[in-house]
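For reference, the structure discussed in these notes is given below.
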Amino acid sequence: MESSSTSATSPESPAGLLVVTDTSLSITGGSEQFLRNLLRGLPRNRYTVTVVELAFDPPVEPLPMPGVRIVRVPVAAVYGRGGLRAYQVLRRLVSSGRYSIVQSQHEKADVLNALLPKRRGVVHISNRRDMGFKKSSRLKRAFRLLNHRFDRVIAPARQIIDALASYERLSPGRATVIHNGVDTERFQPRDDAWRDARRKALGIDAGTVVFCCVARLSEVKCPLVLVDAFARLHAQFPDVRLLFAGDGPMADDVRRKVAAVGLERHIDMLGSVSGVDDLLPACDVAVLASSSEGMSNALLEAMACGLPVVATAVGGNLQLVRPGINGLLVPPHDPAALAEAMLTLARDAGRRHELGGRARRMILEEFSSMRMIGAYDHLYRVLLGLP
């Protein structure tokens, strides 16, 4: 075990936060967006931040993160050479005494964090971002043995904690739910003049009902199910449009599916969109067909923009979407049910407006970025015994 010397943290000095993540902060996924929001918002007079990225692929593009030091240690397999090298880097960083919090997210980062020697004055946090759909049975069994190494496990939704209690036997007393938060000033509704101009720029008629799916085009997001559902919707209500804002390994599959159903003029493949806040207010409904979700930043951002939601009843969607209040929930892998829910909102502009207004109010009250950052700040200081 390492020396038991206390880390350099006091009420007067900033706490050192060492974040370990499997991916790069520069990519557009929801867990990366969460981490960017958190690190940009934590008060710099209270925290100094270093991020160790285990991503094997190079970052998409340099990402400005003022005050955040980024260290890249590519790891293909946590039990291989890269994993050993990353473990050695992390052990040296923690041994330096500059860090009082080690926080990890995703499987490789969590394993390395759990295996680090314990030091007095250093707390170890695992931040679980999803329902564990990528974890093998073997890895789930491994975490049953490793979870006691974390001082706290944080998740953005109660459903994730419940799942961990089931398949990893995580003690509820070691778990804390902190909801994701969204910047409610950046993501907000726009006036009619702005909306009309933006829709015109997108080539969308004023009366067309626009559904928007902001998601990585991957298997878990079920984009082909959404195309199936939209084809059913279009057959009954032709004046609709679907925007896919996102890229991913299934992009070509989606394009082929769109061509196969003959809806190229009604489904737009926008690719990765940097200005989602400039797209969502021009739409009418947010839709997500995922088979698994943690706490969807895409839905949070859409709701902050005043959009009602049609989403699958999985994971954190059950906590975020309140049927008949701010949106509609449907079973996963059910294009007929998804199409019916979309049709319900396509036909009723008044209901869209009512549900969207409630969605915006809920975000302001429960899911703002300031609320999220304040909750993390409070928990860090409680764990460190600081005022």
Side-chain angles (χ1 to χ4, degrees), residues 21-24 27-34 54-57 60 76-77 105-110 128-140 155-157 159-160 163-164 167 180 211-233 242-261 263 267-273 276 286-300 302 309-318 320-321 329-339 341-342:
T21 175
D22 287 9
T23 60
S24 169
I27 70 173
T28 57
S31 62
E32 293 75 26
Q33 182 63 54
F34 148 75
L54 307 180
F56 198 75
D57 296 328
V60 177
Q105 63 182 48
H106 306 306
E107 289 79 9
K108 297 173 188 176
D110 274 338
R128 307 296 177 88
R129 307 308 306 166
D130 56 47
M131 298 288 289
F133 67 96
K134 290 184 179 180
K135 283 183 178 174
S136 65
S137 297
R138 181 181 178 184
L139 193 55
K140 290 176 181 178
Q159 288 77 10
I160 297 176
L164 292 173
Y167 66 71
N180 288 355
F211 292 82
C212 185
C213 175
V214 180
R216 188 167 185 264
L217 299 181
S218 61
E219 186 176 357
V220 72
K221 300 298 182 180
C222 301
L224 300 184
V225 172
L226 179 51
V227 174
D228 276 339
F230 185 80
R232 293 168 186 250
L233 167 66
L242 173 61
L243 310 181
F244 275 109
D247 208 342
M250 290 188 67
D252 289 339
D253 295 326
V254 176
R255 291 188 185 93
R256 284 191 289 269
K257 180 73 172 181
V258 170
V261 297
L263 290 175
I267 298 179
D268 296 87
M269 306 285 292
L270 303 180
S272 295
V273 176
V276 175
V287 59
L288 203 58
S290 311
S291 60
S292 181
E293 281 290 343
M295 175 66 71
S296 170
N297 284 290
L299 292 188
L300 287 170
V309 168
V310 177
T312 44
V314 296
N317 292 355
L318 293 164
L320 187 59
V321 183
L329 287 173
V330 299
H333 305 296
D334 190 338
L338 182 57
M342 294 168 72

If only atom types and distance count, is the side chain of Thr23 paired as donor or acceptor with the main-chain N or O of Ala55 below 3.5 Å? no
Where the side chain of Ser296 meets the backbone of Ala298, is there a donor-acceptor pair that is under 3.5 Å apart? yes
Under the side chain to side chain contact (heavy atoms under 4.5 Å, CB included) criterion, do Leu226 and Leu242 qualify, and how do the steps go? CA-CA 9 Å; Leu226 179 51; Leu242 173 61; 4.0 Å; yes
If you look at every heavy atom in [X] and [Y], which pair is closest and at what distance?
X: Gly246; Y: Leu217; value: O-CD1, 3.6 Å
X: Arg232; Y: Ala336; value: NH1-CB, 3.5 Å
X: Val225; Y: Asp334; value: CG1-N, 4.4 Å
X: Ala339; Y: Ala229; value: CB-O, 3.3 Å
X: Gln105; Y: Ser31; value: NE2-O, 3.4 Å
X: Leu299; Y: Ala286; value: CD2-CB, 4.5 Å

[atom1] of [X] to [atom2] of [Y]: how many Å apart, nearest 0.5 Å?
X: Lys135; Y: Asp110; atom1: NZ; atom2: CG; result: 6.5 Å
X: Leu329; Y: Leu338; atom1: CG; atom2: CG; result: 11.0 Å
X: Ile267; Y: Phe211; atom1: CD1; atom2: CZ; result: 12.0 Å
X: Arg128; Y: Ile160; atom1: CZ; atom2: CD1; result: 10.0 Å
X: Phe230; Y: Phe244; atom1: CZ; atom2: CZ; result: 9.5 Å
X: Thr21; Y: Glu32; atom1: OG1; atom2: CD; result: 6.0 Å

Is there a side chain to side chain contact (heavy atoms under 4.5 Å, CB included) between Ser291 and Cys222 once you walk through the steps? CA-CA 7 Å; Ser291 60; Cys222 301; 3.8 Å; yes
Among pairs that include at least one residue of residues 215-228, which meet side chain to side chain donor-acceptor pair (under 3.5 Å), considering only residues two or more places apart or in two chains? Lys221-Glu293, Asp228-Lys257
Evaluate the side-chain proximity of Leu320 to Leu300: yes if any heavy-atom separation is below 4.5 Å, no if none is. yes
Evaluate Asn180 against Arg129 for side chain to side chain contact (heavy atoms under 4.5 Å, CB included), listing each step before the verdict. CA-CA 10 Å; Asn180 288 355; Arg129 307 308 306 166; 2.5 Å; yes
What residues, two or more places apart in sequence or in another chain, satisfy ring-ring contact (aromatic ring centres under 6.0 Å, His included) together with Phe34? Tyr376
Under the side chain to side chain contact (heavy atoms under 4.5 Å, CB included) rule, collect the residues that match up with Asp22, sequence neighbours excluded. Leu54, His106, Glu107, Lys108, Ala109
Residue that, paired with Val330, satisfies side-chain contact (heavy atoms from CB on, under 4.5 Å) out of Thr312, Asn317, Val287: Thr312
Using the rule given for side chain to side chain contact (heavy atoms under 4.5 Å, CB included), can you reason through Asp130 versus Met295, listing the C-alpha separation, both sets of side-chain angles and the distance that settles it, and then say yes or no? CA-CA 7 Å; Asp130 56 47; Met295 175 66 71; over 6 Å; no
